[in-house]
*Asks:* 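Please find one structure pasted underneath; my questions will follow.
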Amino acid sequence: MKRAFFGVGSTGYGAIRALRNLTTAVLLTTGAAQADSLTIAALGDSLTAGYGLPQGEGLVPQLQEWLDAQGAQVRIINAGVSGDTTAGGLSRVDWTLTPDVDAMIVTLGGNDYLRGIDPAVSRANLDGILAKGQAAGVDMLLVGVNAGSNYGPDYQVAFEAMYEELAAEYDVPLYPGFFDGLRAAAGSLDGISAYMQADGIHPNKAGVAQIVQDLGPAVLSLIRG
């Protein structure tokens, strides 16, 4: 069933997309109990895994609650591994994309940046992940990472640009920066601390809630096509 919705086959992408849109509309507007829910794998690092937070307060459970509140028939699988780089994500994407997975959210690159990994290397890894997702016939949402100037302006530009370039190359939606919603809620650099854990890297429960409020509509659009 999943491949019929998301695969790009000889029957034509437009017809398949239209069928999936119709099915999703029924799910969202009528809440049909007999309809199969869609499964989304959230492939990421500690920001996806919910590092430092009690069970139920991380990104995946809060996003699941948000989508449930919208009436979306969706199940999100937490495929986040703390400390993972884009290389780690590439090494496990094959077994993340099980036959029941219909879509994938890719949130990787933060640890690459923290380690100063060459953006060309990170880009190649993300390219590999998206290629595997495309081959599996799943819809994807790419989540970008806002780099600082720690490694110089050239590094910053190259690192942030790779997300835009790959999103365009694979024709997938891009959510520009994981922390965009949190930063908007904070309003200033001083206000960000209220939404962060003590390490200053990972969001607390309130910070995740702000991220979900901003990221949620992009995930909902992914579901609806």
Side-chain angles (χ1 to χ4, degrees), residues 40-53 58-60 63 77-97 101 103-136 138 140-183 189 192-193 195-204 207-208 211 214-215 218-219 222:
I40 301 176
L43 182 69
D45 49 34
S46 58
L47 297 175
T48 300
Y51 175 86
L53 294 172
L59 177 71
V60 170
L63 181 57
I77 298 172
N78 192 339
V81 174
S82 294
D84 228 356
T85 60
T86 55
L90 178 59
S91 71
R92 61 190 175 85
V93 67
D94 283 328
W95 53 263
T96 297
L97 291 170
V101 171
M104 179 169 62
I105 303 170
V106 180
T107 308
L108 287 163
N111 288 312
D112 295 56
Y113 166 65
L114 291 175
R115 299 179 188 185
I117 293 174
D118 185 346
V121 173
S122 301
R123 190 189 192 284
N125 292 331
L126 288 172
D127 189 354
I129 291 170
L130 294 175
K132 288 179 179 293
Q134 185 180 73
V138 301
M140 294 177 285
L141 171 65
L142 181 61
V143 179
V145 174
N146 297 124
S149 57
N150 304 46
Y151 304 106
D154 291 342
Y155 183 101
Q156 182 179 16
V157 169
F159 193 90
E160 294 184 349
M162 69 182 178
Y163 293 99
E164 296 180 5
E165 293 166 0
L166 288 170
E169 182 178 334
Y170 284 91
D171 192 23
V172 299
L174 172 66
Y175 181 79
F178 181 84
F179 286 102
D180 284 356
L182 186 155
R183 288 181 175 132
L189 289 176
I192 290 178
S193 61
Y195 295 103
M196 301 297 289
Q197 296 181 42
D199 62 9
I201 297 175
H202 299 92
N204 57 26
V208 172
I211 291 168
D214 202 63
L215 175 64
V219 178
L222 177 71

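Residue indices begin at 1 and follow the sequence shown.
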*Asks:* Closest heavy-atom contact between L222 and A103?
*Replies:*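 Taking L222 first and A103 second, the nearest heavy atoms are CD2-CB, 4.1 Å.
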*Asks:* Hey, could you give me the CG/CG distance between L59 and N78, rounded to the nearest 0.5 Å?
*Replies:*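 Output value for this atom pair is 8.0 Å.
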*Asks:* What closest approach, in Å, do G88 and S91 show between heavy atoms, and which atom pair accounts for it?
*Replies:* O-OG, 2.7 Å
*Asks:* Atom NZ in K132, atom CE in M140: separation rounded to 0.5 Å?
*Replies:* 12.0 Å
*Asks:* Can you tell me which residue pairs pass the side chain to side chain donor-acceptor pair (under 3.5 Å) test with a partner in residues 146-155, sequence neighbours excluded?
*Replies:* Y113-N150, N146-R183
*Asks:* Applying side chain to side chain contact (heavy atoms under 4.5 Å, CB included), can you list everything that pairs with S82, at least two apart in sequence or on another chain?
*Replies:* S46, A49, Y51
*Asks:* Side chains of P173 and L142: closer than 4.5 Å at any heavy-atom pair?
*Replies:* no
*Asks:* Within the distance-only criterion (no hydrogens, no angle test), does the side chain of Q156 pair as donor or acceptor with the backbone N or O of A147 below 3.5 angstrom?
*Replies:*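 Judged by distance alone, yes, a pair lies under 3.5 Å.
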*Asks:* Rounded at 0.5 Å granularity, tell me how far CD1 in I77 sits from CD1 in I40.
*Replies:*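 It comes to 9.5 Å.
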*Asks:* Quick test of your reading: applying side chain to side chain donor-acceptor pair (under 3.5 Å), list the pairs with at least one residue in residues 170-182, sequence neighbours left out, ordered by first then second residue.
*Replies:*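 Counting only pairs at least two positions apart or across chains, the side chain to side chain donor-acceptor pair (under 3.5 Å) contacts touching residues 170-182 are D127-Y170, Y175-D214.
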*Asks:* Report all side-chain donor-acceptor pairs from residues 114-126 shorter than 3.5 Å, counting only partners two or more places apart or in another chain.
*Replies:*
residue : atom : partner : partner atom : Å
R115    : NH2  : G83     : O            : 3.2
D118    : OD1  : A120    : N            : 2.9
S122    : OG   : D112    : OD2          : 2.8
R123    : NE   : E165    : OE1          : 3.0
N125    : ND2  : T86     : OG1          : 3.0
N125    : ND2  : V121    : O            : 3.3

*Asks:* Among residues two or more places apart or on two chains, list those pairs meeting salt bridge (Lys or Arg N to Asp or Glu O under 4.0 Å) that have a residue in residues 80-90.
*Replies:*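 Matches after skipping sequence neighbours: D84-R92.
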*Asks:* Determine, step by step, whether L53 and V208 satisfy the side chain to side chain contact (heavy atoms under 4.5 Å, CB included) criterion, reporting the C-alpha distance in whole Å, the side-chain angles of both residues, the deciding distance to 0.1 Å, and the verdict.
*Replies:* CA-CA 10 Å; L53 294 172; V208 172; 3.8 Å; yes
*Asks:* Please enumerate all residues that pass side chain to side chain contact (heavy atoms under 4.5 Å, CB included) together with V157, with sequence neighbours excluded.
*Replies:* none
*Asks:* Looking at residues at least two apart in the chain, or sitting in another chain, which of them share a side chain to side chain contact (heavy atoms under 4.5 Å, CB included) with V145?
*Replies:*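 Counting only residues at least two positions away or on another chain, V145 forms a side chain to side chain contact (heavy atoms under 4.5 Å, CB included) with F159, Y163.
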*Asks:* If you round to the nearest 0.5 Å, how far is CD1 of I211 from CZ of F178?
*Replies:*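 Between F178 CZ and I211 CD1, I get 4.0 Å after rounding to 0.5 Å.
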*Asks:* For the residue pair L141 and V219, establish whether any side-chain heavy-atom pair is separated by less than 4.5 Å.
*Replies:* yes
*Asks:* First locate atom CG of D94, then atom CD1 of I129, and finally report the distance between them rounded to the nearest 0.5 Å.
*Replies:* 10.5 Å
*Asks:* Between L97 and M104, is a side chain to side chain contact (heavy atoms under 4.5 Å, CB included) present by the stated rule, with each step listed?
*Replies:* CA-CA 8 Å; L97 291 170; M104 179 169 62; 3.9 Å; yes
*Asks:* Taking atom CD1 of I105 and atom CG of L43, what is their separation to the nearest 0.5 Å?
*Replies:* 10.0 Å
*Asks:* Any chance you could lay out the side chain to side chain contact (heavy atoms under 4.5 Å, CB included) test for T96 and V101, step after step, and finish with the verdict?
*Replies:* CA-CA 8 Å; T96 297; V101 171; 5.7 Å; no
